[in-house]
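Beneath this line is the structure, given in structure tokens, with notes to follow.
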Amino acid sequence: MSGDNLTNSIGAAQGIEIFEGEGRGPKRPRPPLTIKEAARETPVFAETDVLVVGGGPSGTAAAVAAGRLGAEVMLVERYNHLGGLSTGGLVIWIDRMSDWNGRQVIAGIAHDIFERLPKDAVLGPERADWGSRDAATAAYWSQRTAAYHGIVTWSPTIDPEALKTLSMRMTLEQKVRLTFHAWAVEPIVEDGTMRGAIFESKEGRRAVLAKTVVDTTGDADLLARAGLSFENDIDESDIHHCINTAFLLGGVDMERWLAFRADDAQGFKDFLARGRDQLKTFEKPFVSWRNDVALFMGPRLSGYSAVDVEDLSEVEVRSRLLTVGHVEVYREHAPGFENAFLMLGAPQVGVRHSRRLVGAKKVTRAQWDEGKVWDDEIGVSTSLSPKTPNISVPYGALVPAGIDGVLGAGRHIACDANSHSFLREIPQCWMTGHAAGIAAALSADTGVRPRDLDPLLVQRQLLHQGAYLSPSIEAAVEQASRAAE
Ligand SMILES: Cc1cc2nc3c(=O)[nH]c(=O)nc-3n(C[C@H](O)[C@H](O)[C@H](O)COP(=O)(O)OP(=O)(O)OC[C@H]3O[C@@H](n4cnc5c(N)ncnc54)[C@H](O)[C@@H]3O)c2cc1C
């Protein structure tokens, strides 16, 4: 049965309309009408130093970092948990935090998280093996998300529920006021400065006033509603524009599957061909933190917008039908999946890319090869290949052009489409969120606009909180500190 026939037969059986063809379905026409809403007084729910909107990896890190500096922090999140896609999106394969030499360059809050996650919530190589080029060790970990180009990397898989709990603990320890089930809908902007945001919840519409706002919605929702322009070109050769809802299968034996993959090349090839024939879009599983749970981060769907509600709805329908199709094919034909069951379809749709800030500075492909180190560096990302040096990320990439009082962090920071392919990853979102939280707290405390903050102050606090910066930057910060004594 073809993919479309399969999805149509499932749809027909359930009496629902299914989108025809492989690409995106036709847009339903919208009535060319508007209505006038009545003006209203909106109650103020809270006043705070720092308002963080969005509790994904970047927002959680921002809230923790700002709280550590003594700022009063409020975090508004539309769902019932922290972690964003790294928990609710089931993106539980945390990408590389070590560089090709095995040095952990994404540290700080990322490091603190792994120090505290329970041991049985993490699957990844021992520290001693990071950077190892030993063929057998690399071959073992390449099947388990943690070796590329023959080099072992620190890129483990984790239990999403454990990360939810820990993220909550880490924010509450810093006295962050968590406000779940609250969807930020409108920024409060006066004279070109963001002064807070309005959120909707079961209570209705409420305002939060803040000295500094951090937009960590992943889609730069607040900045977009403030009328800023964005970059959204995509790299066609990269998956970063694809959307889909991930899923977990339980009751599997991943070790058996991995052995089949390694030992029966023809059987594996035939299986993939069968899957593609039946579903057209067919995915391979990844290991998870447990042998009996398999992770599927696809089937990837291309051509949809993450900020179009009809597209998001269509992605959910297609993802669900393809998920069910995968369960059937895997149960029937994949060694290790005979007793598999659909354990969980991700509660959050998996968006890789929507908008990217136009910032005071941006990371571009041009800087990759030269190994440029920005003076205002706030973090260092691993590069895509051992031939390319680490990538320096400037503070300016978090500072949106054209508005004050607000910073952006996470997957919408200012960068080109190529660089977005790795700057959107979870460790990089922890890293930029960490810096944004520190900057927001400093700005709220001193009254200095984020764009006018001395990056040295942010760098000093980042180092103090265990972040990694390029050796030349670390030396400059130390020198400045000595000179000031
Ligand atoms: C399918 C898929 C596979 C991926 N694979 C990997 C991988 O293997 N490894 C890796 O490291 N990364 C991977 N990524 C990338 C990574 O998961 C994301 O880019 C990262 O989680 C982004 O973090 P963030 O904090 O910017 O945003 P998010 O994780 O999206 O978090 C944003 C949070 O803000 C909340 N929010 C949004 N709008 C509002 C609003 N208006 N009001 C209130 N709350 C709001 C959301 O509910 C969410 O909790 C993948 C992504 C996808 C989709």
Side-chain angles (χ1 to χ4, degrees), residues 51-63 74-97 106 110 145-146 153-158 160 163-164 167 178-187 197-201 208 214-225 239-247 283 286-288 295-301 306-307 315 319 346-357 381-382 398 408-413 420-434 436:
L51 170 65
V52 178
V53 180
S58 57
T60 303
M74 180 165 166
L75 191 159
V76 167
E77 164 57 47
R78 66 181 158 167
Y79 296 131
N80 70 353
H81 56 263
L82 297 178
L85 291 183
S86 66
T87 57
L90 298 181
V91 180
I92 57 172
W93 162 13
I94 310 299
D95 210 343
R96 286 172 299 119
M97 292 169 275
I106 302 191
T145 77
T153 59
W154 179 223
S155 44
T157 47
I158 52 109
L163 184 55
K164 279 183 192 171
S167 302
L178 296 177
T179 311
F180 290 122
H181 300 291
W183 189 307
V185 290
E186 205 64 50
I198 293 171
F199 69 85
E200 290 272 3
S201 76
V208 179
V214 185
D215 184 335
T216 44
T217 56
D219 300 315
D221 279 5
L222 282 186
L223 293 162
R225 300 257 169 112
I239 60 160
H240 81 143
H241 58 283
C242 296
I243 308 182
N244 62 270
T245 298
F247 58 98
E283 292 286 333
F286 294 101
V287 298
S288 75
L295 165 67
F296 287 79
M297 290 204 290
R300 299 160 189 172
L301 301 170
V307 290
V315 165
S319 292
Q348 290 185 227
V349 62
V351 173
R352 291 178 176 84
H353 173 255
S354 55
R355 309 175 175 114
R356 303 191 309 276
L357 302 186
S381 170
T382 49
L398 315 183
R411 71 164 187 263
H412 53 233
I413 70 158
H420 187 259
S421 62
F422 54 87
L423 289 179
R424 71 186 173 87
E425 298 292 82
I426 292 160
Q428 286 81 346
C429 291
W430 280 326
M431 177 178 91
T432 56
H434 192 172

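Atoms within each ligand, like the ligands themselves, are counted from 1 in listed order.
When the options Thr217, Ile243, Ile239 are ranked by their closest heavy atom to atom 39 (C) of ligand 1, first place goes to Thr217. If you check each of Gly88, Gly54, Pro57, Ala184 against atom 40 (C) of ligand 1, the one with the closest non-hydrogen atom is Ala184.
Each of the following atoms of ligand 1 lies closer than 4.0 Å to a heavy atom of Ser58: 24 (P), 25 (O), 26 (O). Close approach to Ile426 involves these atoms of ligand 1, each under 4.0 Å from a residue heavy atom: 10 (C), 11 (O), 12 (N), 16 (C), 17 (O), 21 (O). Residue Gly350 approaches ligand 1 through these ligand atoms, each under 4.0 Å from one of its heavy atoms: 53 (C). Applying the 4.0 Å criterion to heavy atoms of Met297 picks out, from ligand 1, the atoms 1 (C), 3 (C), 5 (N), 8 (O). Ligand 1 places these atoms under 4.0 Å from at least one heavy atom of Asp95: 9 (N), 10 (C), 11 (O). The distance from ligand 1 to the heavy atoms of Gly84 drops below 4.0 Å at these ligand atoms: 29 (O), 31 (O), 48 (C), 49 (O). Residue Arg424 approaches ligand 1 through these ligand atoms, each under 4.0 Å from one of its heavy atoms: 14 (N), 15 (C), 16 (C), 18 (C), 19 (O), 20 (C), 50 (C), 51 (C). Short contacts between ligand 1 and Pro427, defined as distances under 4.0 Å to a heavy atom of the residue, involve ligand atoms 11 (O).
In terms of protein heavy-atom proximity, atom 30 (O) of ligand 1 is nearest to Arg411 NH1, 2.7 Å. In this structure, the protein non-hydrogen atom closest to atom 46 (C) of ligand 1 is Arg78 NE, 3.3 Å. In this structure, atom 31 (O) of ligand 1 lies nearest to the protein heavy atom Gly56 CA, 3.3 Å. Distance from atom 35 (C) of ligand 1 to its nearest protein heavy atom, with residue and atom name: Glu77 OE1, 3.2 Å. Residue, atom and distance of the protein heavy atom nearest to atom 9 (N) of ligand 1 are Trp93 O, 2.7 Å. Given atom 17 (O) of ligand 1, the protein heavy atom at minimum distance is Val91 CG1, 3.5 Å. Of all protein heavy atoms, the one lying nearest to atom 12 (N) of ligand 1 is Glu425 OE1, 3.2 Å.
When His412, His353, His241 are each tested for a ring pair (Phe, Tyr, Trp, His ring centres under 6.0 Å) with His420, only one passes: His353.
Between Asn244 and ligand 1, no pair of N/O atoms sits closer than 3.5 Å. For the pair Arg352 and ligand 1, the shortest N or O to N or O distance does not fall below 3.5 Å.
Within the 4.5 Å cutoff, the side chain of Val53 has no heavy atoms near those of the Asp221 side chain. You'll find the side chain of Arg424 reaches within 4.5 Å of the side chain of Arg352, heavy atoms only. Contact of the Phe422 side chain with the Pro427 side chain is not registered, since no non-hydrogen atoms from C-beta on lie closer than 4.5 Å. Phe296 places none of its side-chain heavy atoms less than 4.5 Å from the side chain of Leu90. Counting heavy atoms from C-beta outward, Asp219 and Arg411 have side chains that approach closer than 4.5 Å. Counting heavy atoms from C-beta outward, Val208 and Phe199 have side chains that approach closer than 4.5 Å.
Heavy atoms of Gly55 come nearer than 4.0 angstrom to ligand 1 in at least one pair. Look at Ala182 and you'll find a heavy atom under 4.0 Å from some atom of ligand 1. Distances shorter than 4.0 angstrom do not occur between any heavy atom of Gly298 and any atom of ligand 1.
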Determine, step by step, whether Trp430 and Thr60 satisfy the side chain to side chain contact (heavy atoms under 4.5 Å, CB included) criterion, reporting the C-alpha distance in whole Å, the side-chain angles of both residues, the deciding distance to 0.1 Å, and the verdict. CA-CA 8 Å; Trp430 280 326; Thr60 303; 5.7 Å; no
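Judged by distance alone, the side chain of Asn244 and the main-chain N or O of Met297 form a donor-acceptor pair under 3.5 Å. Side chain of Ser155 to backbone of Trp93: no donor-acceptor contact under 3.5 angstrom is found. Between the side chain of Thr157 and the backbone N or O of Ser288 there is at least one donor-acceptor pair closer than 3.5 Å. Between the side chain of Thr179 and the main chain of Val76, no donor-acceptor pair closer than 3.5 Å is present. In this structure, the side chain of Asp215 engages the main chain of Leu223 through a donor-acceptor pair within 3.5 Å. In this structure a side-chain-to-backbone donor-acceptor pair under 3.5 Å is missing from Thr382 to Met97. Judged purely by atom type and a 3.5 angstrom limit, Thr87 has no side-chain atom pairing as donor or acceptor with the backbone of Pro160.
At a heavy-atom distance under 4.0 Å, only backbone atoms of Val351 (N, CA, C or O) approach ligand 1. Contacts between Tyr79 and ligand 1, counted as non-hydrogen atom pairs separated by less than 4.0 Å, involve the side chain only. At a heavy-atom cutoff of 4.0 Å, ligand 1 is contacted by the side chain of Cys429 but not by its backbone. When non-hydrogen atoms are compared, ligand 1 lies under 4.0 Å from the side chain of Gln348 (C-beta onward) but not from its backbone. The backbone and the side chain of Leu85 each have at least one atom closer than 4.0 Å to an atom of ligand 1 (non-hydrogen atoms only). Of all the heavy atoms of Thr216, the ones lying under 4.0 Å from any atom of ligand 1 belong exclusively to the backbone.
Not counting sequence neighbours, Ser167 has no partner by the side chain to side chain donor-acceptor pair (under 3.5 Å) test.
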